[in-house]
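Reading through the structure tokens given below for one structure.
No hydrogens, no waters, no symmetry mates; every other heavy atom, side chains included, goes into these values. Order of the sequence lines fixes the chain letters, A, B, ..., with proteins taken first and strands second; residue numbering starts at 1 for each chain.
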Number of protein chains: 2
Amino acid sequence: MRTLYQPSRDELNLATVLHALSDEIRLDIIKSLAEKGEQYCNALEIQAPKSTLSHHYKVLRESGVTHTRLEGTQRFVSLRYDDLNARFPGLLSAILKELGVKQYQS
Amino acid sequence: MRTLYQPSRDELNLATVLHALSDEIRLDIIKSLAEKGEQYCNALEIQAPKSTLSHHYKVLRESGVTHTRLEGTQRFVSLRYDDLNARFPGLLSAILKELGVKQYQS
DNA sequence: TCGTTAGTTCGTGAATTATCGAACAATAGA
DNA sequence: TCTATTGTTCGATAATTCACGAACTAACGA
């Protein structure tokens, strides 16, 4: 894929974001990203086939929960913490707290 | 139905709750409940066939987002504000804010 | 007891989502 | 240029979810 669709801050939709976050695997990804900061996909060590992971990364990216940056053969993924916090104040913090994330790593 | 399944506070699961909240119709219901307080189903005036609404009420109830109380032929539905706030502090407030709810009505 | 009201359940079809192997594309390095 | 690495896309299947008419259940009031 050449261009990655990523919605702007204004385009973030609550139902879409909540849906993206309503899956255990995707919550695992979010937790890792919050704890480790920006990572390339493989570094997250989520236990699942890569095509399955790719699907979940896509759902997260297209909902606007994560940002993906291309660098070489890798895709660096990060939480759109500021955008989410601006658009839905308190939402992400509440979720990270439940996931047991002590300190958000930018 | 004789007994309504409603999870206890401890049983609330983040992914399940987020999924229940990731639908526009159900967000409408939540908004109405937050603004008007406990209501019987019909009073919410959500535009959809009753069997469809019944489905959405069930999803909300079984996820633990709402509580249902039987009284005569009516089912009074309310937001489990305290339980949600205890289990996932800040989550519901963030969502109600995005829905444009000024003042939560208990 | 007979309507009426309120809401569930059933059954079915449509739509969406999830899973994952296999083939593919792009880049980096030897 | 060959190869290894990273991750996407395709395609097929399974599972879940949604939608909604029709039939049903329970309680209330006349």
Rounded distance (Å) that lies between atom [atom2] of [N] and atom [atom1] of [X]:
| X | N | atom1 | atom2 | answer |
| --- | --- | --- | --- | --- |
| B:E62 | C:dT8 | CD | C1' | 12 Å |
| A:Q39 | D:dG7 | CD | P | 11 Å |
| B:L70 | D:dA27 | CG | P | 9 Å |
| B:I46 | D:dC20 | CD1 | P | 14 Å |
| A:E24 | D:dA15 | CD | P | 19 Å |
| B:K58 | D:dC20 | NZ | C1' | 15 Å |
| A:F76 | C:dA26 | CZ | P | 20 Å |
| B:R61 | C:dG7 | CZ | C1' | 11 Å |

Task: Short side-chain N/O contact to D:dT6 OP1/OP2 from A:R75, under 4.0 Å - done: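 The answer is no; no side-chain N or O of A:R75 sits under 4.0 Å from OP1 or OP2.
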Open item on the list: D:dT5, OP1 or OP2 - any side-chain N/O from A:N42 closer than 4.0 Å?
Closed with: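 Checking D:dT5 against A:N42, no side-chain N or O comes under 4.0 Å of OP1 or OP2.
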Close N/O contacts between protein and nucleotides 28-30 of chain D (under 3.5 Å):
none

- [ ] For A:Y40, answer base if it contacts any base atom (sugar-phosphate contacts may also be present), sugar-phosphate if it contacts only those atoms, and nothing otherwise; contact means non-hydrogen atoms under 4.0 Å.
- [x]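 The answer is sugar-phosphate, as A:Y40 gets under 4.0 Å only of primed atoms, P, OP1 or OP2.
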Open item on the list: Who clusters with B:V59? Use side-chain heavy atoms, under 4.5 angstrom, across I, L, V, M, F, W and Y, and order the result by chain and number.
Closed with: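 B:V59 clusters with nothing; isolated.
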Open item on the list: Applying salt bridge (Lys or Arg N to Asp or Glu O under 4.0 Å) as the test, list every pair that has at least one member in residues 11-34 of chain B; sequence neighbours left out.
Closed with: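 Listed once each, the pairs are B:K31-B:E35.
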TODO: Quick one: list whatever passes side-chain contact (heavy atoms from CB on, under 4.5 Å) with B:A34, sequence neighbours left out.
DONE: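 B:L79, B:L96, B:V101, B:Y104.
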Task: Set of residues satisfying side-chain contact (heavy atoms from CB on, under 4.5 Å) with respect to A:N85, sequence neighbours excluded - done: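 With sequence neighbours excluded, A:N85 shows a side-chain contact (heavy atoms from CB on, under 4.5 Å) to A:Y81, A:S93, given in chain and number order.
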Task: Distance-minimising heavy-atom pair for B:L33 and B:S78 - done: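 Shortest heavy-atom contact: CD1-C, 4.3 Å.
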Task: Within-4.5 Å side-chain heavy-atom neighbours: A:L60 and A:T68 - done: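 A:L60 does not reach A:T68 side chain to side chain.
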Open item on the list: Just so I know, are the side chains of B:I46 and B:I29 near enough to count as touching, which here means a heavy-atom distance under 4.5 Å?
Closed with: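 B:I46 reaches B:I29 side chain to side chain.
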- [ ] Have a look at A:E71 and tell me which of A:R69, A:R75, A:Q74 forms a side chain to side chain donor-acceptor pair (under 3.5 Å) with it.
- [x]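 With A:E71 as partner, A:R69, A:R75, A:Q74 yield a single side chain to side chain donor-acceptor pair (under 3.5 Å), made by A:R69.
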- [ ] If a protein heavy atom is under 4.0 Å from the base, mark B; if only from the sugar-phosphate, S; if neither, -; do that for nucleotides 14-23 of chain C going 5' to 3'.
- [x] ---SSBBBB-
Open item on the list: Would you say that more than 12 heavy atoms from the other residues, nucleotides or ligands in this model lie under 6.0 Å from the NZ of B:K97, or not?
Closed with: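 Result for NZ/B:K97: open.
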